[in-house]
Q: 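The structure under discussion is supplied below as structure tokens; questions concerning it will follow.
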Amino acid sequence: MSGFICRVSNNLVKEKVLNSLELLRYQDDDSTGIIFASTKGCHRYRVVGDISDLRKEIPEDVDGHVAMAHTRWSTYAKQIVEKVYPICSENRLVAVIVHGLIDNILTIKRRLERQGYKFETTSANEVVANLIDFYVQEGGSKLTYLQSLNKAVHYLEGSYALTALFIGEGDRIYFAKKETAMVIVKTDDSFVITNDFNAVVQESRLYYYPLDGAIGYISKDDLFVFDRDLERITSQFTKATITEQELELGHYPHYMLKEIEESPRVVRRLINQYFDGNKYRFDNALIDRIMEADNIVFIAAGTSYNAALVGQRYLRSFNKKVDVFIASEWIYYPYQSGDNPLYILISQSGETSDVLKCMRIIRSYGGEILAITNTEVSTLFQSADYRLLLHAGPEISVASTKAYIAQITLLSLLYARLLNKVTTIAALEKVINALNEMIERRHEIEKIASMIKNSRDVFFLGRGFDYDLAIEAQLKLKETTYIHSEAYAGGEILHGPLALIDDKTPVIVFLSDNSTVSAMREVIVHIKDRGANVIIVSAEPFTLPEDNFGLVTLVKSYHSPILFAVFGQYLAYYIAVGLGRNVDRPRGLNKSVQDANGK
Ligand code: AGP
């Protein structure tokens, strides 16, 4: 898991680059590096540690107008300083940062070894740096750095976001991009290349999204983009529609709380976006494509996968096959049925690497993709055949909250459009009221949180839509509080897991799905017999006086995941605060999860 930031500026860059690095870092970053360049030479600083450690390494008098920096949390191995990015080539001609997965790295390495190159580490970055070094040496004065880089890039197979700085040059940073997150941002005084727009969005909204196959460089005055034949491509910056307010924490102690409480506005925004007062505003070509598909295949990860479970329930009512897959599973067992599938890839960030790998596999079949994402500046959004934006605004807390609300709301709007059912809009208005009720009553949830915060295990149960939201609620609790939690389909708890439940185990049961409520009440009797601490969260008209939380505002059962997800989000939030967790940056998780090998 890692982030990079490269900046070429009219002004000194150290503080701005380090600030961006702060925005890119995770909780436990264990390797951080920076290289400053000027026409007089380069200075590189690297630590096995985080940005505060890196700051201590950088002498006061070192700064520059050009810098390339990287931060990383290594999921799989102990770090050593030689492996910390940026990596320099053996002859110190070039420094690189490469994200992605180069498939032919061993072949390249062997070829370079035959040319006499020696390697200090097993890092793919070192191989790429030496490959570029090789072409610079081979080309001598006959090739420009751009031409040498292009030769090296032609040799790479796989996906990559590559940035490079030539040590003897010092006023440009080069890039090459294929199927890996990279965005170029223009600020008042600089050009910036990064994998995550959020690293600079507070400074500028002007972005350029290089297409796959693009190669080029930034200088202090301009961006130069070329195709692989080195023909210059026009590059226009687009203004992202993000407001200042969306980025600021305001009076909230944490982004997670702020984002939970944005949920009524998120639903309202989606209604306005996809309904014009009389009719839905979805592209007809997309609607036709969904209706003619014989298999709808949802693919996603984490919270987005949990939203896809609800989407699956919506779309199953059309007489066609609907499947939902975990992205990292589907990659190894790609499955579809029928001759005419449509793939719906859901991703808040649009950059989750497993989702993007699925996208590539689908592309290689010639399959068509509908992307549902919150991030227009993302690989998924830019590459899909059909696109729907979630309009939830930037989600800064690592734990996803408002994006889940937006995903289900959008899926329900799409479902309503497919049915041509305008009454869904009135039903969503009720959802907004119910969300406001939930926000007003948050202190009741806080009390439940304080009751269970010292538990070792927590179980969540539900049937139907309530089961889908139970899965999301347990994930939210796990990732933000580190308490072990499980979600079970209401009836399934009786098939073994009941053995784990004793009088110390809180069992949170959601009751809002009208077709399953009475069956679920029967299960509750069994669990109570085990002495479990059952906490019942119900919705009218299913609430009984003894329930622990009864939502008064009436909503349709098919919208209940939106509401009770917010219950689960508050619960996780208050427990995390109560336990002193790092709420917005929980351990072991990143806003967009990259490969398990840390790239
Ligand atoms: C964060 O709360 C989530 N738990 C995490 O699982 C996330 O949903 C997952 O990594 C997928 O992210 P994406 O939606 O950006 O693809």
Side-chain angles (χ1 to χ4, degrees), residues 1 3 26-27 73 75 180-181 195-198 254-257 259-260 263 298-311 324-331 343-359 369-381 383-384 388-390 392-408 410-411 460 468-483 485 487 561 565-566 568-573 576 581-596:
M1 298 183 179
Y26 317 112
Q27 201 188 128
W73 172 58
T75 45
T180 302
N195 61 313
D196 186 347
F197 189 42
N198 285 327
H254 300 103
Y255 278 104
M256 184 175 174
L257 185 62
E259 289 164 9
I260 293 171
S263 51
F298 282 100
I299 301 177
T303 291
S304 297
Y305 170 82
N306 297 341
L309 294 172
V310 180
V324 53
F325 293 98
I326 294 169
S328 56
E329 286 294 310
W330 191 85
I331 293 165
Y343 297 87
I344 304 184
L345 272 52
I346 307 183
S347 171
Q348 188 288 130
S349 62
E351 296 293 357
T352 296
S353 77
D354 287 326
V355 175
L356 297 185
K357 280 183 198 159
C358 294
M359 184 183 86
I369 295 170
L370 161 61
I372 298 184
T373 176
N374 196 31
T375 320
E376 60 188 284
V377 193
S378 71
T379 308
L380 182 63
F381 188 76
S383 324
L388 293 175
L389 260 186
L390 292 166
E395 192 178 60
I396 293 167
S397 162
V398 166
S400 186
T401 55
K402 62 177 178 173
Y404 177 82
I405 305 301
Q407 286 161 347
I408 298 175
L410 175 53
L411 287 165
F460 290 88
D468 301 336
L469 79 92
I471 296 173
E472 173 56 12
Q474 64 83 29
L475 175 61
K476 212 61 22 196
L477 189 73
K478 213 176 252 169
E479 69 188 342
T480 54
T481 68
Y482 323 148
I483 294 176
S485 53
V566 171
Q569 293 165 3
Y570 269 131
L571 189 74
Y573 173 77
R581 306 294 191 229
N582 189 340
V583 176
D584 285 335
R585 287 184 179 185
R587 73 182 182 209
L589 187 62
N590 173 20
K591 199 65 198 151
S592 86
V593 175
Q594 303 301 298
D595 283 316

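None of these values were measured; they are calculated from a predicted model. Atoms within a ligand are numbered from 1 in the order they appear, just like the ligands themselves.
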Q: Please list, in number order, the atoms of ligand 1 under 4.0 Å from a heavy atom of Ala301.
A: 8 (O), 9 (C), 11 (C)
Q: If we ignore hydrogens and angles and just use 3.5 Å, is the side chain of Glu376 paired with the main-chain N or O of Leu389 as donor and acceptor?
A: no
Q: Looking at Ala399, which atoms of ligand 1 are within less than 4.0 Å of one of its heavy atoms?
A: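 Listed by number with element, the hits are 2 (O).
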Q: Give the atom numbers and elements of ligand 1 that come within less than 4.0 Å of a heavy atom of Lys476.
A: 2 (O)
Q: Check whether Thr375 reaches the backbone of Gln348 with its side chain - one donor and one acceptor, N or O, closer than 3.5 Å.
A: yes
Q: Check Glu351 against ligand 1 and report side chain, backbone, both or neither, counting heavy atoms closer than 4.0 Å.
A: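 Near ligand 1, Glu351 shows nothing, with every heavy atom at 4.0 Å or more.
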Q: May I ask you to check if ligand 1 and Gln407 share an N or O to N or O distance below 3.5 Å?
A: no
Q: Could you tell me which residues satisfy side-chain contact (heavy atoms from CB on, under 4.5 Å) with Ala300, sequence neighbours excluded, listed by chain and number?
A: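 Testing Ala300 for side-chain contact (heavy atoms from CB on, under 4.5 Å), a comparison that skips the adjacent residues, returns Ser304, Tyr305, Ile346.
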Q: Hey, is the main chain of Met256 close enough, under 3.5 Å, to the side chain of Glu259 for a donor-acceptor pair?
A: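 No, because the side chain of Glu259 does not come within donor-acceptor range (under 3.5 Å) of the backbone of Met256.
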Q: Considering the heavy atoms of Ser349, write down every atom of ligand 1 situated less than 4.0 Å from one of them.
A: 13 (P), 15 (O), 16 (O)
Q: Could you tell me which atoms of ligand 1, counted from 1 in the order shown, lie closer than 4.0 angstrom to a heavy atom of Ser304?
A: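 In order of numbering, the contacting atoms are 8 (O), 13 (P), 14 (O).
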Q: Going by the atom numbers of ligand 1, which of them fall below 4.0 Å from some non-hydrogen atom of Ser347?
A: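 Matching atoms, with element in brackets: 13 (P), 14 (O), 15 (O), 16 (O).
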Q: Just by distance, do the side chain of Asn374 and the backbone of Ala392 share a donor-acceptor pair under 3.5 Å?
A: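 Side chain of Asn374 to backbone of Ala392, a donor-acceptor pair under 3.5 Å: yes, one is there.
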Q: So is Val398 in contact with ligand 1, going by heavy-atom distances below 4.0 Å?
A: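 A heavy atom of Val398 does come that close to ligand 1.
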Q: Evaluate the side-chain contact (heavy atoms from CB on, under 4.5 Å) criterion for residues Leu469 and Ile408: first the C-alpha distance (whole Å), next the side-chain angles of each, then the deciding distance (0.1 Å), finally the verdict.
A: CA-CA 11 Å; Leu469 79 92; Ile408 298 175; over 6 Å; no
Q: Using a strict cut-off of 4.0 Å, indicate which atoms of ligand 1 neighbour a heavy atom of Ser400.
A: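 In order of number, 1 (C), 2 (O).
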Q: If you measure only the distance, is there a donor-acceptor pair under 3.5 Å linking the side chains of Lys357 and Ser328?
A: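 Distance-only check fails for Lys357 and Ser328.
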